Every structure is written in structure tokens, then in C-alpha cells.
Amino acid sequence: MAELSKHFEADKVESKWYQHWESKGYFHSEPDEREPYSILIPPPNVTGVLHMGHMLNITIQDVLIRRARLNGYNACWVPGTDHASIATEAKVVKRLREQGIKKSDLTREKFLEYAWEWKEEYGGIILDQLKKLGASCDWERTAFTMDEVRSDHVYKAFIDLYNKGKLYRGLRMVNWDPQAQTVLSNEEVIHKEENGRLYHIKYVLADDPSQSVTIATTRPETLLGDTAVAVHPDDPRYTYLKGKQVIVPLVNRAIKVIFDDYVETEFGTGALKVTPAHDINDYELGKKYDLEVIDIFNDDGSVSEAGQLYIGKDRFEVRKLIVKDLEAQGLLIEVEDYRHNVGRSERTDAVVEPKLSLQWYVDMPAIAKPALEAVETDEVEFFPKNMKNTYRHWMGNIRDWCISRQLWWGHRIPAWYFEDHVAVAESEQEALDILKNKSGNANLALADIKQDEDVLDTWFSSWLWPMSVFNGWFDKKEMDYYYPTTVLVTGWDIIFLWVARMIMAGYEWEGTYPYKDVYFTGMVRDKKRRKMSKSLGNSPDALKLISDYGADGVRFGMLSCSPAGGDLLFDDKLCEQGRNFSNKIWNALKLIKSWEVDTTLDQPEANALAGQWIEEKYFDVLSNTDARIKEYRLSDALMQLYSYIWGDFCSWYLEMIKPDYQKPVDPASVQTASAVLKKICIMLHPFMPFITEEVWQALKAEDEVDCIVSRYPESRAFDTALIGDISQVQDIVSSIRDTRNQNQIKPKEVLPLSIQSDEAIKQLFSRSGVEPLVRKLGFLESVTMVGEGEGSGYAFIVGKSKYYLESNEEVNVEEELIKLKEELEYQIGFVASVDKKLSNQGFVSNAPAKVVEMEKKKLEDGQARIQLLTEQIQRLENS
RNA sequence: GAGACUGUAGCUCAGUUGGUUUAGAGCAUUACCUUGACAGGGUAGGGGUCGGGGGUUCGAAUCCCUCCAGUCUCACCA
């Protein structure tokens, strides 16, 4: 074998193995007789580039899928992207504009051509980036929400819901994004407190200009569309307004005054202007009092003809102008600063404009029930559990889902119109037949009917993802095998947008859940707990991180701070730790490989014991890790492996069996060390696939398979007595080191040790290999059993036994006494607390026998230590 | 406004139905050691009255009440 490099060279190794795995087809899955383990990627936007959230998400999914593969499941991880209507259309429009092309100059078909071009060019970038992280997705299955198979599902779902009466077209007040010029669902509107102003404006009475009423509004520009002023019926200040009309300033329209207890007398002036076209509450008032609805805005947020004034100017510009004009006319009474909630578009950040319009809706209460129950009963299990609360609350108050979007990029709504008639159909021809029927006009031609111009909300395709990726409605073969999938891994921020709707869709069409478990990851934040964002510039470059720390290092970093649900405070340091960990493993391999083997040597007892121990401990860790992962506690699982590999394997085990400098080693020890390191590779592989494959390859036999497709060792019982004994050995060795440390004795200066022998000690040292092991690790010349009162040198206590490290140095009696007395004090306190417990009759009679036993043992041990300490103190004082 | 969650070492967090040596881990920190596996490594240490206050219990970080601080979700009154 070629000389191993000083450090683990991640970049070379990663591309090498990824290509190898892919070319061997290890990531690909086909239904077979094995049990499936399937995961669907939460499809990232085609517009996206890899960011920290993806990295976390992908790493977790890859851990689960690689683990399933190693456990012998037929593991299938389906990747893909979603078409992201709003975001993608915005990017395409921008790109066209840069080329001097206006969207409005293009036909729908031409625009879509450009859009597809854009998608082909950029849509795959993020998937390629996932590969850099080591994602073992089945790339042959890569899906896109707008490809043919997926689209077929979307249309079918729409038509089916419509036919079942669970989808309708209705006139409603919607959230309008004037920048993207489309409607948004409630979930796409982000409400935040912002600084605004409350304008007090005077409306004079129509029949008596000397009298007036002053209203308060945050949006003076909407007065152009006012059709009433409202006050509370019991408000004594406004009784004079009964039966009166007031004049809308500037436009000079006479409107009526209405009296409704919706108005809060406390707020503002207690008088409210009513603009039914531009406020949801005003709209309700309008309906109640049959008010005129004047829509004063164009789709881009500029004032329309209906506004009469400021026509064509933007709403925020108009706000300024109108304030000035009101002031000029003496109608602006007061302006006060006011903090209030403003809704902005999640995608464009434009202030959302409430707007009345005709849109398509899904009747959510009609389909929510089974999905709510499924989560309540843990048929679909949430990790962490408390996400159930959030889910329950939203599902219990669910509102209809507005699914039309006034865009071109997406699935065009399969609805055709003729006059007032609507046809929802798979094809234009079918729609024509329906409309002929509905209108009673048999001569209706294709040219007479018109398809809806709008497309569907992107989530309307995403919610079908668990079914559509397997072509589930048109071919049962894969569907029956892979569905329901095993687990969904996603951020909690899209629980409503996506997760809840997917569960609903699962029950609506398949009668069962889309996945058994949902693992909600936290949001990645920076050290200061700020959300990672482009504008803050605090989001590390994902690819740079990988090149700096290696994919394994970054995976380690992401995982080691990823409690489910909580925030994840990201710090480069964690990746550095991961990189160092890779390096540590690499060097363990180097060490073992560097040993010269002498086949004539027998295995020393100590090495045999060490080998047994590290093997038993392996199975301890294996079963522990297994339990953690079942609960999706990946961070814990990884920490277990980290401390086993770094602590037990490298720091203890390798030191135990290490031959003296430049001495050869026996074949059995190398054999065990290699075998355990190989098993470590399998165990760690899901977390850190590259380093483990590399090390595995260096150790594996010619005819052995690659690490990625090998099998986990069967979990088995392990020898707890042996593990306990070695743990005692470790305690003894640590105490020896501590004693040296505290007394400035060189760590490797070879000294004799005597032990005041007792039953426990005899038993421990009767195990073959214990004595030489203690000698080797403690740098001891000899280990001698002595009787009570014998032994000299630095004394220390482990368990309830006394040890003496003999040294040529003069023992500093005074210092030694101080230490011993401190220790004695602690032990006395300890024993007192235990004794207090045990002398409490309530405790002894109520606590379980096991607990009482434990306390008695604590007491005994403590008392024994007190005795040893007291003796030692006396001895020193007398000397 | 309604609800949820969190508060444990300098930092990030574990602590499973109240009971395993008078509270654990990782990182950071301190001292010492180390030119032969290790972008360092090793060894050992210091550091917390578990947000405050009550209560239930033989026993509370863990259960209940209350206060304080923070985070988030949903809904929103101009």
C-alpha cells in the first residue's frame, strides 16, 4: 500500500467515491422482495442555490437513507425540484427585461418557452450541489413538479375535487401582490409590525359644511374608494350623524354614515372610513349595508380610473400626494405615529393589497378531518411531538385555500368558460362538450370558449408529491411498493404550506398517510441567533464550507447541533471539529497500518483483554446508537459514536495495544484492531460517508463489498462485567495520571504502585490481562498488593480501595494533607446526605427496594473512603 | 388579542414515566506533557444553589401554582 498522507484529503476522496458509488448504481432502487424504506426530498425551488437549510435537511435524510441501506432495506430516496411559480416567473421576467424584452409583449406560449429555457439552464444547479454533500439520492428518479407525470396528477386532482364539490370558484377578498401581480394564499403573507402613521381626516357633512366628522386611517389614499363612514351606534359623540351623508374629501362624493358596533369607540377618533374594495372588514360592512364597492387600484398598485384622481400613480406615491392635498384644504387634522402590522408578500416583499376578486378555492374543512385525526392519534408521528399543537391549532381553524395565481409559469387551471358557464375538464374538447350541454347551445365552437388564464399555486402540485413521484394514479406498481413512504424530513416553517396539505392529500386520495413519521428540523441561525439571510450576509457559502472542511466535516457540523425542532446555531467551528474528527480516524488507520507485524509473536494478555473490551463496547454503542436514531436523535447518536471512536478506540484502545516505539506487533492484535475499525466505518458511514468508505477500502479484503452497501453487524448482548472492569482500570489509570500531574511527576516516569488489597481488588486483578494493562497505561514498574497500613508514597482512592504511587521524590506532607482533608470533607458531606435519606423512615418504606439498596451501597462506599482517608491523614500527621 | 414553546456551566444543549455516588456532554477555558498516528495530540482540572418564589412528595432540574425573561405560531381594529 502506498504511503498514507499526513492528513485526510477530503476533496480528492469525496469526488472519487461519489463517482464510484454512482457508477455502481448503489443509489438506485427498484421494487423487489425486500422491505422498502423510502424518503421524498422536500423539492427545493428550481431557482434556489444550496443554503444551510438544505444542507441540514439533506444531511439528515442521507443519514437515514444510508442507514436503511446498511440495514438491508430497499432504500429509495427520490430527489426533485419544484417549479416555484412566483419566484421563477420573477427571475425569467427579470432576465427578459435585461435582454430588452417585456413580458407583456410576449404571448403566453413564447414566454413559457423562455421559462423552460431558464429552467433547463439553472434548474439543476441545486441538485448538483447536493451531490457535493454526498446525498445518495436515486438520481434516475429525479422529478419536477411540472414534468408530464406530475402535471397529470395536478389536473386530475383539480378535476376530482371539483367534481366532488370540494373545489369552487368564488368572489372573495384576496391578498394581492402588486409586484408579482398575483394573488397569494394566507400562508404566503408575512405579517410584521412596522412604523406607520395614523392620519386624522375631516369629512364634512353633505347638508351642512360647517359640521364634520374626523376619521382615522393608516391608508389615506384609499379614501378615493370610500363609500361610507362608520361609527358606533352608542357613541354619544356622533349622534348628530344620524341619517346624514358626508363628503369624501377631494373626490367630493357624498356617502352615507352607518352605525355598527363593529367600530371601536376607543380607537382613533371612533369614526371609521369604509372602503369595501380594499379592506376585508370594510368589505364585510359593505355587504351588510349594501354599500357600493369602488375598486380604485390597478393590478400593479397604481390608481385606476375609478379613483378619479392621481390616476396611474403608485399607491405609496398617492399617499404622500393625498396627504399634502388634504393638508392644503385644511382637512388633515392630525398625524400620529403608529405601529401596526403590515402584510408583505413572502416572495417579493411587496405590501399586500387586499383586493376583491374571483378565484379558485379548495374547501379545506371538507378534507381536513382525517388528516387532523391522523396526527392526533400518531398515525402520522411528529418529531418533535410539540409540533402537534401547532398543527392542531391550524387544522382546527382552517380556511379555504386560494389556489389561483395570476401567472403563466405553472399548471394552467383546467377550467373553461362560456358566458356564465364553467367547465372543468381534462381537455379543451371535453370542456366544449360540457359547455355545450350547460349552455344548451349545440353549435358552440372551441373559439367561443375561453380557458382560465391563471395557473395553480405551486403547493397545489407539491401536496401531491408523495403520490406523483411514483406516478401513483396511473401505475400502481411503484405506488404499492413505496407508498406510504417512511419519513419526511423538513423545516417546521412549511408545516402548513406543505406538510399539512400533503397529509390531507394522502387521505383524500389514497385513504392513508403519505409517510409514517415527520421529522421537523430547526431553522439554521447564526451564532447570534439571527436567521441566515442573504441581506444580512451571514449565510456561509455552502460550497466553500465543503471545500474548507470536507463534506464529512460539514455533515458533522450540521448534525452535531441539530436538535429536532429547535433553532440550530451554526458555527464554522462545528465543521472544523468534524474535519478534525475525520482526520483523527484517518490517523488511527495510519497508525495501525504503520505497525510492523511479527507473525511469530503471541498476543500479550493485555492486548487480548483490550481487544475483547473494545469489541464488547462496540455492541454497547451500536445498540445505543440504534435507539437514538429510532427517535431521530441524530445529534445524540453522532456524539455517542464520536466519543466511542475518539475516546474509547483512539485514546484508550490504541494506546492499550500500541507496541513500544519501533517494536513489532503481534498479528492477532492488528487483526482485531483492523476488524473493529472496519466495523466502526460501517457504524459511522451514514454520518460521514466519505472518510468511512476510504478507510474501509484500505482495510477490506479483496472480495469484500464497498462500505456503503455492506451490512450493519447484528446487534447482540454485550459483556457488561468486562466493560465495568475496564472502566475500573480506566479509573485507576486516570487517578495515577492525576496524582502525577498534581505532584509534578513526569507522566512517563516508570514507578511502582502498591494497592491495599481487598476482595474487589483481588477479583478485578484476577482477570487475565488487567495487571499488565494497568502497568502499561500507568507507566508502572510493578503492581504490588499490600496489606492494611503498608505502602508508601502518594496515596489516592479509587472506589473504596487505596493505592500508593511510590516515588523517589519527597512527599510534600503539608500539601498532601490539605488535599486529603478537602477530599475527606467532601466525603463527609456526601455520606451525611445519603445518611439523611436512609434515616428517613418515609424514604426507606416508600422508595423502591432497588433505590434503597443503591443508597446503602453509596453509604458503605462513602464510609469506606472516609476510613481510608482518615487513616492516611493520621499516618501523615504522625510521620 | 388567542395559543404554544423555552429558561440547566462562558457558549450550544442532554437530562426518557420524580429515585444510578450531594447535576451531565461537546465546545471554550486553565495547568502540565509531547518533534513520530493526528491541520495538532495527550493528561488532568476549574466552572452550575438547574430563571425567581411558593406548593405536592420520603424524595423535584423533572409534577402543580405564580411571577420574571425570551422565542415562535395563529388572528388582527381603521
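Just so it is clear: chains get the letters A, B, ... in the order the sequence lines come, proteins before strands, and each one is counted from 1. These numbers were taken from a predicted model, which means no experiment stands behind them. Note that these values count all heavy atoms, side chains included, but never hydrogens, waters or copies made by symmetry.
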- prompt: If the C1' atom of B/rA37 is compared with that of B/rG46, how far apart are they to the nearest Å?
  reply: 31 Å
task: Write down the distance separating the P atoms in B/rU66 and B/rG45, rounded off to the nearest Å.
output: 44 Å
- prompt: How is A/Glu655 classified with respect to the nucleic acid when contacts are heavy atoms under 4.0 Å: base, sugar-phosphate, or nothing?
  reply: base
- prompt: Can you check the A/Glu193 CD to B/rC74 P distance for me, whole Å?
  reply: 15 Å
- request: For A/Phe570, answer base if it contacts any base atom (sugar-phosphate contacts may also be present), sugar-phosphate if it contacts only those atoms, and nothing otherwise; contact means non-hydrogen atoms under 4.0 Å.
  value: nothing
- prompt: Does any donor-acceptor pair link the side chain of A/Lys584 with the base of B/rC38 at a separation under 3.5 Å?
  reply: yes
message: What's A/Ile495 touching, base or sugar-phosphate or nothing? Going by heavy atoms closer than 4.0 Å.
response: nothing
message: Taking any heavy-atom pair under 4.0 Å as a contact, classify A/Lys6: base, sugar-phosphate, or nothing.
response: sugar-phosphate
Closest to side chain of A/Arg399, choosing from B/rA75, B/rA39, B/rG19: B/rA75
- request: Pick base, sugar-phosphate or nothing for A/Lys590, based on heavy-atom distances below 4.0 Å to the nucleic acid.
  value: sugar-phosphate
- prompt: Touch check for A/Asn389, heavy atoms < 4.0 angstrom, all strands: base, sugar-phosphate only, or nothing?
  reply: sugar-phosphate
query: Which part of the nucleic acid, if any, lies within contact of A/Trp652, taking any heavy atom under 4.0 Å across all strands shown: a base, the sugar-phosphate backbone alone, or nothing?
result: nothing
query: Taking 4.0 angstrom as the limit, do A/Lys658 and A/Glu655 come out as a salt bridge?
result: yes
- prompt: So does A/Lys858 pair up with A/Glu855, basic N to acidic O under 4.0 Å?
  reply: yes
message: Base, sugar-phosphate or nothing for A/Asn741? Non-hydrogen atoms, less than 4.0 Å.
response: base
- request: Considering only atom C1', compute the distance from B/rU57 to B/rA75 and round it to an integer number of Å.
  value: 42 Å
- prompt: Considering only B/rU73, B/rU20, B/rG40, which nucleotide approaches the side chain of A/Phe496 most closely?
  reply: B/rU73
message: Any strand counts, and the cut-off is 3.5 Å on both contacts for Watson-Crick or G-U wobble. Which nucleotide pairs with B/rG24?
response: B/rC13
- request: Under 4.0 Å between any heavy atoms, over every strand shown, what does A/Arg633 touch: base, sugar-phosphate, or nothing? Just pick one.
  value: sugar-phosphate
field: Nucleotide nearest A/Pro747 when distance is taken to its side chain, options B/rC33, B/rC58, B/rA37
entry: B/rC33
Donor-acceptor contact below 3.5 Å, side chain A/Asp835 vs main chain A/Val831: no
- prompt: For A/Phe581 and A/Leu641, which heavy atoms make the closest approach, and how far apart are they?
  reply: CZ-O, 4.4 Å
query: Which part of the nucleic acid, if any, lies within contact of A/Asp636, taking any heavy atom under 4.0 Å across all strands shown: a base, the sugar-phosphate backbone alone, or nothing?
result: sugar-phosphate
message: For a quick test of reading the model: is some side-chain N or O of A/Trp646 closer than 4.0 Å to OP1 or OP2 of B/rG26?
response: no
- prompt: When you look at NZ of A/Lys202, are more than 12 heavy atoms from neighbouring residues, nucleotides or ligands closer to it than 6.0 Å?
  reply: no
field: Sugar-phosphate only, base, or nothing, as touched by A/Arg392 at under 4.0 Å among non-hydrogen atoms
entry: nothing
task: Could you check which nucleotide pairs with B/rU43 in any of the strands shown, counting Watson-Crick or G-U wobble with both distances under 3.5 Å?
output: B/rA31
- prompt: When you check the phosphate oxygens OP1 and OP2 of B/rC76, does a side-chain N or O of A/Tyr262 lie under 4.0 Å from one of them?
  reply: no
query: With a non-hydrogen cut-off below 4.0 angstrom, is A/Thr218 in contact with a base, only sugar-phosphate, or nothing?
result: sugar-phosphate
- prompt: Taking A/Arg579 for the side chain and A/Ala10 for the main chain, is one N or O donor matched with an acceptor at less than 3.5 Å?
  reply: no
statement: B/rG1 -> Watson-Crick or G-U wobble partner, both distances under 3.5 Å, gives B/rC74
field: Gap in Å between the two P atoms, one belonging to B/rU56 and one to B/rC65, rounded
entry: 15 Å
message: Let's see if you can work this out: which of B/rG15, B/rU73, B/rA37 has an atom nearest to the side-chain heavy atoms of A/Trp492?
response: B/rU73
message: From CG of A/Leu634 over to P of B/rA25, roughly how many Å is that when rounded to an integer?
response: 22 Å
task: Measure distances between side-chain N and O atoms of A/Asn386 and base N and O atoms of B/rC5, and say whether any donor-acceptor pair falls under 3.5 Å.
output: no
task: With RNA chain B as reference, determine whether A/Ala10 or A/Thr217 sits nearer its 5' end, using the nearest nucleotide of each.
output: A/Ala10
- line: Checking B/rG19, B/rA37, B/rC76 against the side chain of A/Val851 (C-beta onward), the nearest is B/rG19
message: Side chain of A/Lys573, heavy atoms from C-beta onward: which of B/rU21, B/rA28, B/rC38 has the nearest atom to it?
response: B/rA28
field: Pairing partner of B/rA60 (Watson-Crick or G-U wobble, both distances under 3.5 Å)
entry: none
message: What contact category does A/Tyr661 fall into here, base, sugar-phosphate, or nothing, at under 4.0 angstrom with non-hydrogen atoms?
response: base
query: Are side-chain heavy atoms of A/Asn812 and A/Gln744 found at a separation under 4.5 Å?
result: no
Nucleotide nearest A/Phe830 when distance is taken to its side chain, options B/rA37, B/rC58, B/rU22: B/rU22
message: Whole angstroms only, please: what is the CG-P distance between A/Leu838 and B/rU21?
response: 15 Å
message: Can you tell me the base-pairing partner of B/rG7? Count Watson-Crick or G-U wobble geometry only, both distances below 3.5 Å, and say none if there is no partner.
response: B/rC68
- prompt: What is the distance from NZ of A/Lys836 to P of B/rU21, rounded to the nearest Å?
  reply: 19 Å
task: Establish whether the base of B/rA39 is bridged to the side chain of A/Asn583 by a donor-acceptor pair shorter than 3.5 Å.
output: yes
Short N-O contact, A/Asp235 and A/Arg237, less than 4.0 angstrom: yes
- prompt: B/rA23 and B/rA14: how far apart are their C1' atoms, nearest whole angstrom?
  reply: 12 Å
query: Rounded to whole angstrom units, what separation is found between the CE atom of A/Met523 and the P atom of B/rU6?
result: 17 Å
Atom C1', compared across B/rU8 and B/rG24: separation rounded to whole Å: 10 Å
- prompt: Between A/Tyr549 and B/rA39, is there a side-chain N or O to OP1/OP2 distance below 4.0 Å?
  reply: no
query: Is the closest basic N to carboxylate O distance between A/Glu353 and A/Arg219 below 4.0 Å?
result: yes
message: Below the 4.0 Å mark, does B/rG42 have OP1 or OP2 next to a side-chain nitrogen or oxygen of A/Ser651?
response: yes
query: Is A/Glu193 atom CD crowded by more than 12 heavy atoms from other residues, nucleotides or ligands, each under 6.0 Å away?
result: yes
task: State which of B/rG26, B/rU21, B/rC38 makes the closest approach to the side chain of A/Gln577.
output: B/rG26
statement: Contacts of A/Val342 and A/Tyr642 projected onto RNA chain B by closest heavy atom; the upstream (5') one is A/Tyr642
field: Spacing of the P atoms in B/rC5 and B/rC64 (rounded, Å)
entry: 11 Å
task: Specify the separation, in whole Å, of atom CD of A/Glu187 and atom C1' of B/rA75.
output: 12 Å
Pairwise P distance, B/rA69 and B/rG51 [rounded to whole Å]: 16 Å
query: Looking across every strand, which nucleic acid part, if any, lies under 4.0 Å from A/Ser734 by heavy atom: base, sugar-phosphate, or nothing?
result: sugar-phosphate
- prompt: Taking the side chain of A/Asn580 as its heavy atoms from C-beta onward, which of B/rU73, B/rU21, B/rG40 lies nearest to it?
  reply: B/rG40
message: Please pick, from B/rA25, B/rU73, B/rC76, the nucleotide with the shortest atom-to-atom distance to any side-chain atom of A/Met639.
response: B/rA25
Presence of donor-acceptor pair under 3.5 Å, side chain of A/Arg525 and base of B/rU12: no
